[in-house]
Engineer: 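Please read through the structure below; I'll follow up with questions.
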Amino acid sequence: MKKMRKIIAAVLTAAVLCLCMAGCGAGEGEAEIIGTCTLTVQDQLQDEKVDIAEGDTVYDILMKTDLAVSGKDTGDGIAIEAIEGVANGDKGEYSGWIYNVNGEMPMDYCDKLEVNDGDEIVWSFSEGM
């Protein structure tokens, strides 16, 4: 009888631990998806739907792709320097990456502008910024 109680206690303890561990890990590290946006990167990516989490910025959305992206922290924000090997200055002194959201060019660095559900983000390479 004592042996049976120990077995039952061990099984119950294991079950409670499993439930606790499963509950503690639920959603950990995963942000809640609040919508999607469309991302286009000139000559690299066409109209890809990207999930948006609370607080995601234009920079965060770009970094969610498999594209090779390099940026520089200017102190005021992150400036994109190259995407897939196409770098600022490649086509003249004033050439470089620019972005627009819903057809408008924001005056913020890409890591400062939060994205909303349904936004359309387009990155293009300008030969004369």
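Numbering of residues begins at 1 and proceeds along the displayed sequence.
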Engineer: Give the cluster check for Val86 versus Val122: same hydrophobic cluster or not, with ILVMFWY residues linked at side-chain heavy-atom distances below 4.5 Å.
Structural biologist: no

Engineer: Could you report the tightest heavy-atom contact between Cys37 and Ile121, atom names first, then the distance?
Structural biologist: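 Scanning both residues, the minimum pair turns out to be SG-CD1, 4.0 Å.
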
Engineer: Minimum heavy-atom separation for Trp97 and Gln42, please, with both atom names.
Structural biologist: CH2-O, 4.1 Å

Engineer: If you take all heavy atoms of Gln44 and Leu67, which pair is closest and at what distance?
Structural biologist: CB-CD2, 4.0 Å

Engineer: Is the shortest side-chain heavy-atom distance between Ile52 and Ile61 below 4.5 Å?
Structural biologist: yes

Engineer: Are the side chain of Asn88 and the backbone of Ile80 linked by a donor-acceptor contact shorter than 3.5 Å?
Structural biologist: yes

Engineer: Between Asp111 and Val58, does the side chain to side chain contact (heavy atoms under 4.5 Å, CB included) criterion hold? Intermediate values first, please.
Structural biologist: CA-CA 6 Å; Asp111 65 321; Val58 171; over 6 Å; no

Engineer: Side-chain heavy atoms under 4.5 angstrom apart, residues restricted to Ile, Leu, Val, Met, Phe, Trp, Tyr: same cluster for Leu113 and Tyr59?
Structural biologist: yes

Engineer: Mind checking whether Trp123 and Tyr99 have parallel, tilted or perpendicular rings, split at 30° and 60°?
Structural biologist: tilted

Engineer: Nearest 0.5 Å please: distance from the CG atom of Leu39 over to the CD atom of Gln46.
Structural biologist: 10.0 Å

Engineer: Just how far is it from atom NZ of Lys49 to atom OG1 of Thr38, taken to the nearest 0.5 Å?
Structural biologist: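 Lys49 NZ to Thr38 OG1: 3.0 Å, rounded to 0.5 Å.
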
Engineer: Would you name the heavy atoms of Gly71 and Ile78 that are closest together and state the gap between them?
Structural biologist: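 Shortest heavy-atom contact: CA-CG2, 4.2 Å.
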
Engineer: For Glu32, does the CD atom have more than 12 heavy-atom neighbours from other residues, nucleotides or ligands under 6.0 Å away?
Structural biologist: no

Engineer: Looking only at heavy atoms, which two atoms of Asp51 and Lys64 are closest? And how far apart?
Structural biologist: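 Heavy atoms only, the tightest pair is O-NZ, 2.9 Å.
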
Engineer: Roughly how far apart are Ile83 CD1 and Ser70 OG, rounded to 0.5 Å?
Structural biologist: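 If I round to the nearest 0.5 Å, the distance is 8.5 Å.
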
Engineer: Working to the nearest 0.5 Å, report the span between CG of Leu45 and CG of Asp47.
Structural biologist: 8.5 Å

Engineer: Looking at CD of Glu84 and OG1 of Thr65, how far apart are the two atoms once the value is rounded to the nearest 0.5 Å?
Structural biologist: 8.0 Å

Engineer: Do Leu62 and Val41 come close enough that some side-chain heavy atom pair is under 4.5 Å?
Structural biologist: yes

Engineer: Determine the minimum heavy-atom distance between Lys112 and Asp76, stating which atoms define it.
Structural biologist: CE-O, 3.0 Å

Engineer: So, taking the atom named CD in Glu127 and the one named NZ in Lys91, what distance separates them when rounded to the nearest 0.5 Å?
Structural biologist: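 If we round to the nearest 0.5 Å, Glu127:CD and Lys91:NZ are 5.0 Å apart.
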
Engineer: For Val50, is there any backbone N or O sitting under 3.5 Å from a side-chain donor or acceptor partner on Thr36?
Structural biologist: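 Between the backbone of Val50 and the side chain of Thr36 there is no qualifying donor-acceptor contact (under 3.5 Å).
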
Engineer: Side chains of Asp56 and Glu114: closer than 4.5 Å at any heavy-atom pair?
Structural biologist: no

Engineer: Hey, are the side chains of Ile98 and Ser124 touching, using non-hydrogen atoms and a 4.5 Å cut-off?
Structural biologist: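 With C-beta onward as the side chain, the pair touches.
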
Engineer: Is it true that, when you exclude Asp66 itself, more than 12 heavy atoms of the residues, nucleotides or ligands shown sit nearer than 6.0 Å to its CG?
Structural biologist: no

Engineer: In the single-linkage hydrophobic clustering (I, L, V, M, F, W, Y; side-chain heavy atoms under 4.5 Å), do Val69 and Phe125 co-cluster?
Structural biologist: yes

